[in-house]
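Notes follow the structure.
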Amino acid sequence: MPYILNIETATKNCSVDLSRGGKTILCKEIAEEGYSHAERLHVFIEEIIKEAGITFQDLSAIAVSQGPGSYTGLRIGVSAAKGLCFALEIPLIAVDTLQVLASQANVSSGLIIPMLDARRMEVYSAIFTPNFENKRAVQAEVITKNSFEDLQETLYFVGDCAEKCKLVLTKENFIFLEEIKYPSAKEMSFLSFEKYKKNDIVDVAYFEPYYLKDFMMIVSKK
C-alpha cells in the first residue's frame, strides 16, 4: 500500500497528514490567526515522517490542496509539495480544497455547500452531494438573501463564513454546521489515494494553485 503525504494550507489551518492505502496514519495541524504556515509546515512534515517510523524515500506521492483559498497559504503548501516531489522523484497530486472541506460533513441527504471567506460578503463556494460528488463547480460569489434560493433540498453550509453568512442566509432549509470551519489534510487521505490509483497527477514543473481570483496587492497610503 502506498504512503502519501497530504498537505493542506489553503486557510488558517496548517495541516499535514500521512496516509497509507487511503487511511490516515498520523496528522498534525494548527489553526492560528497569524498564518504560521511558513514556520510550522516543514516541522510538521519532519515530525510525521519520524513518528511514523518511515523515511521520505518510502513515500509514493505528495498530495496538496490546490485551492481556492489564501494566496500566501497556497503558495507555501504548493512550494513545499513541489520541492519534495522534485527531490524524491515522485508524483504530485492536486486535491480540490472545497471538496476536502465538504468531506467533513456527515449527512445522508440534502446538499453540502462548502464556503471559504473571500473578503466582505464574497465567498469561494461549490456544491456537493452527501457522497461528495461535485454538483456545481467552484466559483467566487457575493452572498445575498437570494443566494441558493433555487435549491429546495436541505443545504448544509460548512466553512469559515458562518458568522457573516448566517445573518443573510436564513431560509428554513439552510443549516450551518459551524463546527466545520477549515479544511483538514485528514480528509485528503481517501481523495488523494483515489487519484493515485487512477494516476490522476499534475505536472510538478508547471502546476500552480487554483486562486480563482487574481491576487490583489494593496499599496500602503502611508
Side-chain angles (χ1 to χ4, degrees), residues 7-13 15 31 35 63-78 81 93-105 107 109-178 180-185 187-188 190-192 194-195 200 202-203 206-218:
I7 297 173
E8 214 306 312
T9 57
T11 65
K12 293 176 182 178
N13 192 33
S15 181
Y35 279 94
V64 67
S65 182
Q66 68 180 12
S70 157
Y71 178 89
T72 301
L74 288 170
R75 293 300 297 179
I76 292 171
V78 169
I93 299 169
V95 181
D96 175 15
T97 300
L98 290 179
Q99 188 177 22
V100 174
L101 178 58
S103 296
Q104 296 182 63
V107 299
S109 61
L111 295 171
I112 304 166
I113 302 182
M115 298 192 300
L116 291 177
D117 196 10
R119 300 191 305 269
R120 301 185 180 88
M121 289 307 293
E122 192 170 12
V123 303
Y124 302 124
S125 68
I127 300 177
F128 291 89
T129 68
N131 294 324
F132 314 120
E133 297 174 352
N134 187 273
K135 188 170 181 177
R136 196 209 69 193
V138 178
Q139 66 182 44
E141 61 182 316
V142 176
I143 297 299
T144 71
K145 64 179 182 180
N146 299 318
S147 297
F148 311 110
E149 64 179 0
D150 58 320
L151 300 175
Q152 303 306 311
E153 302 96 326
T154 300
L155 305 184
Y156 297 93
F157 295 92
V158 296
D160 60 359
C161 303
E163 187 172 349
K164 70 179 184 182
C165 289
K166 68 182 180 180
L167 300 176
V168 178
L169 301 175
T170 58
K171 293 183 173 62
E172 291 184 358
N173 61 317
F174 293 174
I175 297 176
F176 284 86
L177 304 179
E178 296 186 52
I180 303 175
K181 196 169 185 180
Y182 302 120
S184 169
E187 309 305 325
M188 293 175 65
F190 174 78
L191 298 173
S192 61
E194 290 300 301
K195 283 178 171 278
D200 185 358
V202 296
D203 190 306
Y206 296 104
F207 174 72
E208 290 293 331
Y210 181 42
Y211 298 119
L212 195 58
K213 297 197 303 179
D214 291 335
F215 177 63
M216 297 179 64
M217 182 69 74
I218 300 175

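These numbers come from the heavy atoms of this one structure, side chains and all, not from hydrogens, waters or symmetry mates. When a residue number appears, it is its place in the shown sequence, counting from 1.
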Crowding at CD, Glu194 (>12 non-hydrogen neighbours, <6.0 Å): yes

Applying side-chain contact (heavy atoms from CB on, under 4.5 Å) to Val64 and Phe207, what does each step give before you reach the verdict? CA-CA 11 Å; Val64 67; Phe207 174 72; 4.1 Å; yes

So, are Asp117 and Lys164 salt-bridged, with charged N and O less than 4.0 Å apart? yes

Tightest non-hydrogen contact, residues Leu101 and Gly159, listed as CD2-CA, 3.8 Å

Considering non-hydrogen atoms only, spot the tightest contact between Val168 and Lys145 and give its length. CG1-N, 3.2 Å

Any donor-acceptor pair under 3.5 Å from Ser192 side chain to Met188 backbone: yes

Ignoring hydrogens and angles, tell me if any N or O in the side chain of Asn131 forms a donor-acceptor pair with the backbone of Glu133 under 3.5 Å. no

How long is the straight-line distance from OG1 of Thr97 back to CD of Gln66, given to the nearest 0.5 Å? 6.5 Å

Verify side-chain contact (heavy atoms from CB on, under 4.5 Å) between Glu141 and Glu122, making sure each step is shown before the conclusion. CA-CA 5 Å; Glu141 61 182 316; Glu122 192 170 12; 6.0 Å; no

Is the number of heavy atoms from other residues, nucleotides or ligands under 6.0 Å of Phe190 CZ greater than 12? no

Taking atom CG of Leu191 and atom CG of Asp96, what is their separation to the nearest 0.5 Å? 9.0 Å

Identify the heavy atoms of Ile143 and Ser147 that sit nearest to each other, and give their distance. CA-OG, 3.5 Å

Any sub-3.5 Å donor-acceptor pair from Ser65's side-chain atoms to Ala10's backbone N or O? no

Interatomic distance, Glu178 atom CD to Cys161 atom SG [nearest 0.5 angstrom]: 11.5 Å

Would you say the side-chain atoms of Gln104 pair up with the backbone N or O of Tyr182, donor to acceptor, closer than 3.5 Å? yes

Answer yes or no: is there a side-chain heavy-atom contact under 4.5 Å between Leu74 and Tyr211? yes

Near-ring test Phe148/Phe157, centroid separation under 6.0 angstrom: yes

Ser103 side chain to Glu187 side chain, donor-acceptor N/O pair below 3.5 angstrom: no

Let's go through Ile175 and Thr154 carefully: what are the C-alpha distance in whole Å and the side-chain angles of both, what is the deciding distance for side-chain contact (heavy atoms from CB on, under 4.5 Å) to 0.1 Å, and is it a yes or a no? CA-CA 7 Å; Ile175 297 176; Thr154 300; 3.6 Å; yes

Neighbour count >12 (heavy atoms, 6.0 Å) for atom NZ, Lys195: yes

CG-OH distance between Leu116 and Tyr124, expressed to the nearest 0.5 angstrom: 9.0 Å

Backbone N/O of Glu8 and side chain of Asn13: donor-acceptor pair under 3.5 Å: no

Can you tell me how far apart CG (Asp160) and SG (Cys165) are? Round to the nearest 0.5 Å. 9.0 Å

Please name the pair of heavy atoms, one in Leu151 and one in Asn173, separated by the smallest distance, quoted to 0.1 Å. O-ND2, 3.2 Å

Examine distances only and state if a side-chain atom of Arg136 and a backbone atom of Ser125 form a donor-acceptor pair shorter than 3.5 Å. yes

For Val107 and Ile112, run side-chain contact (heavy atoms from CB on, under 4.5 Å): C-alpha distance rounded to whole Å, both residues' side-chain angles, the deciding distance at 0.1 Å, then the answer. CA-CA 8 Å; Val107 299; Ile112 304 166; 3.8 Å; yes

Got a second to check how far Leu177's CG is from Ile180's CD1, nearest 0.5 Å? 5.0 Å

Over all atoms of both residues, closest heavy-atom pair of Ser15 and Ser184: OG-OG, 3.7 Å

Which residues pass the salt bridge (Lys or Arg N to Asp or Glu O under 4.0 Å) test with Glu153, not counting sequence neighbours? Lys135

I need the minimum non-hydrogen distance between Val100 and Pro183, along with the two atoms involved. CG1-CB, 3.9 Å

